[in-house]
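Scroll down for the structure; my scribbles are underneath it.
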Amino acid sequence: MESKITSASTPTPTNPFFCLKWPWDSNKQLKSSSLCDFQGPWLFRSMQSVGSIALTSFNSFGFGNGPKKKPLSASEQGEAEQRAFAAALASEKDATVLEFYSPKCRLCNSLLNFVLEVEKRNSNWLSITMADAENEKWFPELLHYDVKYVPCFVLLDKNGQALAKTGVPSSRAHVIAGISHLLKMKRPPTV
């Protein structure tokens with residue numbers, strides 16, 4: 001059998017609903033086969049190039065709409081946090097801070113970068129682990145450390161004994177001051 005390609009199967013270009021024409025491009029209209037062939041000024045084309053490079057980079061680092069990992073269940077999340085806590089205590093660093101947080105807490109979320117920076121700067125003597133206060137796996141610790149609010153930071157020594165915890169959070173600055181006070185209690189003397 002012989003198949004024939006007809007002109008009906010090839011798509012015909014349609015005119016766009018909206019078209020921009022620049023006054024300085026009026027002499028190029030005759031050369032273009034399309035009624036609306038938009039080539040913006042060089043400044044806009046360079047910004048479009050920079051934007052496409054940024055978007056490509058954004059997607060390559062896993063922030064875009066690429067393949068997404070399946071989120072952990074509440075049970076898996078709790079187990080992962082408890083393993084991190086056990087590893088922090090097993091490291092026998094001078095201190096461990098256990099941060100109780102809630103995923104719904106805007107104050108907790110706003111402190112994440114600060115907490116990561118504190119841990120990075122003090123990594124030689126301090127471990128910081130996080131515990132989702134809404135996860136039932138952490139209920140025994142919530143009761144043991146008498147946690148009734150989030151964020152709540154509990155300072156533990158290298159044996160896992162609680163030394164202190166931050167007070168009821170009234171503001172971000174208040175929480176940061178509380179964390180600083182906890183760290184001063186256990187920070188090793190500088191040489």
Side-chain angles (χ1 to χ4, degrees), residues 50 53-191:
V50 170
I53 291 169
L55 182 62
T56 303
S57 300
F58 189 73
N59 286 336
S60 70
F61 288 120
F63 298 117
N65 293 332
K68 295 188 178 185
K69 294 180 182 177
K70 181 182 138 195
L72 296 176
S73 69
S75 177
E76 293 169 331
Q77 171 91 25
E79 288 173 9
E81 290 173 346
Q82 287 184 335
R83 281 192 303 271
F85 180 52
L89 290 176
S91 72
E92 294 190 11
K93 290 186 178 179
D94 289 340
T96 299
V97 172
L98 182 58
E99 176 192 357
F100 289 95
Y101 73 97
S102 168
K104 299 172 189 168
C105 169
R106 290 190 320 191
L107 179 58
C108 300
N109 292 328
S110 76
L111 291 167
L112 183 60
N113 289 333
F114 172 75
V115 170
L116 293 174
E117 183 65 27
V118 166
E119 183 176 28
K120 187 170 99 175
R121 287 185 181 186
N122 300 293
S123 62
N124 57 336
W125 66 275
L126 177 70
S127 295
I128 299 178
T129 57
M130 299 179 71
D132 182 354
E134 295 180 11
N135 192 317
E136 64 186 32
K137 296 251 180 201
W138 288 104
F139 283 165
E141 286 81 4
L142 288 168
L143 294 173
H144 180 72
Y145 299 122
D146 194 31
V147 175
K148 296 183 173 144
Y149 48 85
V150 291
C152 181
F153 295 82
V154 180
L155 177 67
L156 307 168
D157 66 8
K158 67 169 91 176
N159 300 318
Q161 296 296 316
L163 302 174
K165 70 177 183 177
T166 56
V168 177
S170 59
S171 68
R172 188 173 194 276
H174 181 254
V175 174
I176 291 172
I179 295 169
S180 297
H181 180 71
L182 288 180
L183 297 180
K184 284 179 187 173
M185 290 177 63
K186 256 334 241 185
R187 181 174 284 128
T190 57
V191 178

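Along the sequence shown, residues are numbered consecutively beginning with 1. Excluded from the calculations below are hydrogen atoms, water molecules and symmetry mates; all remaining heavy atoms, backbone and side chain alike, are included. In this text the structure is predicted, and so the values were computed from the model without any measurement.
The NZ atom of Lys158 sits 12.5 Å away from the CG atom of Leu89 when rounded to the nearest 0.5 Å. The distance from the CD atom of Glu141 to the CD atom of Glu81 is 10.5 Å, given to the nearest 0.5 Å. The structure places CD of Glu99 at 10.5 Å from CG of Asp132, a figure rounded to the nearest 0.5 Å. From Leu126, atom CG reaches atom CZ of Arg187 across 9.0 Å, with rounding to the nearest 0.5 Å. Rounded to the nearest 0.5 Å, atoms CG (Leu107) and OG (Ser171) are 8.0 Å apart. We find the CG-CG distance between Leu156 and Leu163 to be 7.0 Å, quoted to the nearest 0.5 Å.
Counting all heavy atoms, side chain and backbone alike, Cys108 lies closest to Ser102 at SG-N, 3.7 Å. Counting all heavy atoms, side chain and backbone alike, His174 lies closest to Val168 at CE1-O, 3.0 Å. Scanning all heavy atoms of the two residues, the minimum distance from Ala95 to Leu155 falls at CB-CD1, 3.8 Å. Across Lys165 and Cys152, no two heavy atoms sit closer than the pair CD-SG, 3.9 Å. Of all heavy-atom pairs spanning Lys137 and Ser75, the tightest one is CE-OG, 3.6 Å. Residues Phe139 and Ala133 share a closest heavy-atom pair of CE2-O, 4.1 Å.
Side chain of Lys186 to main chain of Trp125: no donor-acceptor pair is present (N/O by atom type, distance under 3.5 Å, no hydrogens or angles). A donor-acceptor pair under 3.5 Å is absent between the side-chain atoms of Asn159 and the main chain of Gln161, judged by distance alone.
The aromatic rings of Tyr145 and Phe100 are tilted relative to each other, their planes meeting at an angle between 30° and 60°.
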Margin query: salt bridge (Lys or Arg N to Asp or Glu O under 4.0 Å), that's the test. Do Glu134 and Lys104 meet it? Break it down for me.
Written below: CA-CA 9 Å; Glu134 295 180 11; Lys104 299 172 189 168; 3.6 Å; yes
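Enclosure of atom CD in Glu117 by more than 12 non-hydrogen atoms of other residues, nucleotides or ligands within 6.0 angstrom is indicated. Counted within 6.0 Å of CD on Glu79, heavy atoms from surrounding residues, nucleotides or ligands total more than 12; the atom is thus considered enclosed.
A 4.5 Å side-chain heavy-atom check between Phe153 and Val115 finds at least one atom pair inside the cut-off. Contact check for Pro151 versus Thr166: no side-chain heavy atoms found under the 4.5 Å cut-off.
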Extract all donor-acceptor atom pairs below 3.5 Å that involve side chains of residues 177-184 and protein atoms in other chains or at least two apart in sequence.
unit_1 : atom_1 : unit_2 : atom_2 : d
Ser180 : OG     : Ile176 : O      : 3.0

